[in-house]
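Comments concern the structure below.
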Amino acid sequence: MTGDVRDWITIVLVLVAAVMCLAAGVGLLRMPDVLTRLHAATKPQILGLIVMMADIALNTPAVVTITLAIAIIFFQGLTAPISAHMVGRTGYRAGSVHRQSLVRDDLATRIEEAERTQASEK
Amino acid sequence: MGDENEPGQPDTSEAKPREEKTSVSGLIILSVGLVVIWMLLWGQFTWLSLITGVLLALGVSIVFYLPAVEMSIRINPWYTLVFFARLLFDITRASIGIAWLVLKPRYVPSNAITAIPLRTRSDLIMTWTAEAISIVPGSIVLDVDREDSILYVHVINVWSEAEVDAFEEEVLRTEKRIALALGTKADVARVRAGSAASVTINRGGETP
């Protein structure tokens, strides 16, 4: 009985993780520019990973697996935003932004401002 | 986040106003964190992993020396729990949202890049806030203005100025949760007072 329940939980969790990774892949193809692609590629799979780790911890409930799962989530959670930030920053400066779809762009005004002060200082 | 330069200016090398002091307590907190991570990675809590962990932590902090961050010893367990619970909830909710956005039949992009003036002046709280809003799907920190504590955030799927403002409120609430959880007393006071640390943002349009 308990084995059955655990199997069902596993099925649900793995399915959720798979859908999240699928969404990341589809988003990479469908989104129009670097920034939106970053959203699709780096984010939903964090949840996918958390769910997958939860499933592993559930199926092999030992201290070693649980601590390792926590460490994996921790490092993914810490490093994924940083790489997204670096790619996003570079992407914006390289001009691969779909500007028509921006409701507001404060960074453009800020960069403009900075360039203007720099030019007036010269 | 690794950037300290002004946006758009490649070389601003003027002295930072914040004092940078090394403190023993900061080193100890950092080392304890490293040892815990080391033991988590090995998956065993034995004397051997503890001793090798301590040696490695000391070695790493001496060899890869970083400018000291103003650490606070204060950790509020309850608010830390609230923060992580809320973070997990946000990640789940937003992941489903982004997955649906990506998979739904008709997708029309509408995004925004907004400058969010944080209230904190602490590098640590700022980094944590940037991390927290970056890990929640739907927002990426594009640039950081350390002088004025401003985060430049790209938000996906927002359709109006009002929605962007609502997102900003959300970020400020995240900052508040983090400051309450692990900020110094000064941070907590500043967040409670609710005034932006920086000057007002130029939104464009009304430029002279």
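Throughout, protein chains are lettered first and strands after them, A, B, ... in sequence-line order, and every chain is numbered starting at 1.
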Side chain, backbone, both or neither: which part of B:Val136 has an atom under 4.5 Å from a heavy atom of chain A? backbone
Please state whether the side chain, the backbone, both or neither of B:Trp159 comes within less than 4.5 Å of a heavy atom of chain A. backbone
A:Ile50 versus chain B, heavy atoms under 4.5 Å apart: side chain, backbone, both or neither? side chain
Quick one, B:Asn111 and A:His39 - any side-chain contact, counting heavy atoms below 4.5 Å? no
Which residues in residues 20-30 of chain A have any heavy atom lying under 4.5 Å from a heavy atom of chain B? A:Met20, A:Ala23, A:Val26, A:Gly27, A:Arg30
Once you round to the nearest 0.5 Å, how far does CZ of A:Arg89 lie from CG of B:Leu142? 9.5 Å
If you compare all heavy atoms of A:Met31 against all heavy atoms of B:Val102, which two are closest, and at what distance to 0.1 Å? CE-CG2, 3.4 Å
What closest approach, in Å, do A:Pro81 and B:Glu131 show between heavy atoms, and which atom pair accounts for it? CG-OE1, 3.5 Å
Under a 4.5 Å heavy-atom cut-off, does chain A meet the side chain of B:Ile37, its backbone, both or neither? side chain
Counting heavy-atom pairs under 4.5 angstrom with chain A, the leader among B:Gly97, B:Gly138, B:Ser160, B:Ala99 is B:Gly138
Distance, nearest 0.5 Å, that separates OG1 of B:Thr114 from CG of A:Asp106: 4.5 Å
Per-residue tally against chain B (heavy atom, under 4.5 Å) across A:Ala40, A:Ala71, A:Gly77 peaks at A:Gly77
Using side chain to side chain contact (heavy atoms under 4.5 Å, CB included) as the criterion, point out the one residue from A:Thr36, A:Val34, A:Leu38 that pairs with B:His154. A:Thr36
What part of B:Leu88 gets within 4.5 angstrom of chain A, counting heavy atoms only: side chain, backbone, both, or neither? side chain
To the nearest 0.5 Å, what is the distance between OG1 on B:Thr127 and CG on A:Leu78? 10.5 Å
NE2 on A:His85 to CG on B:Leu151, rounded to 0.5 Å: 10.0 Å
Heavy-atom pair with the smallest gap, counting every atom of B:Ile140 and A:Ala84: CG2-O, 4.1 Å
What's the separation between atom CD1 in A:Ile46 and atom CD1 in B:Ile135, rounded to the nearest 0.5 Å? 4.5 Å
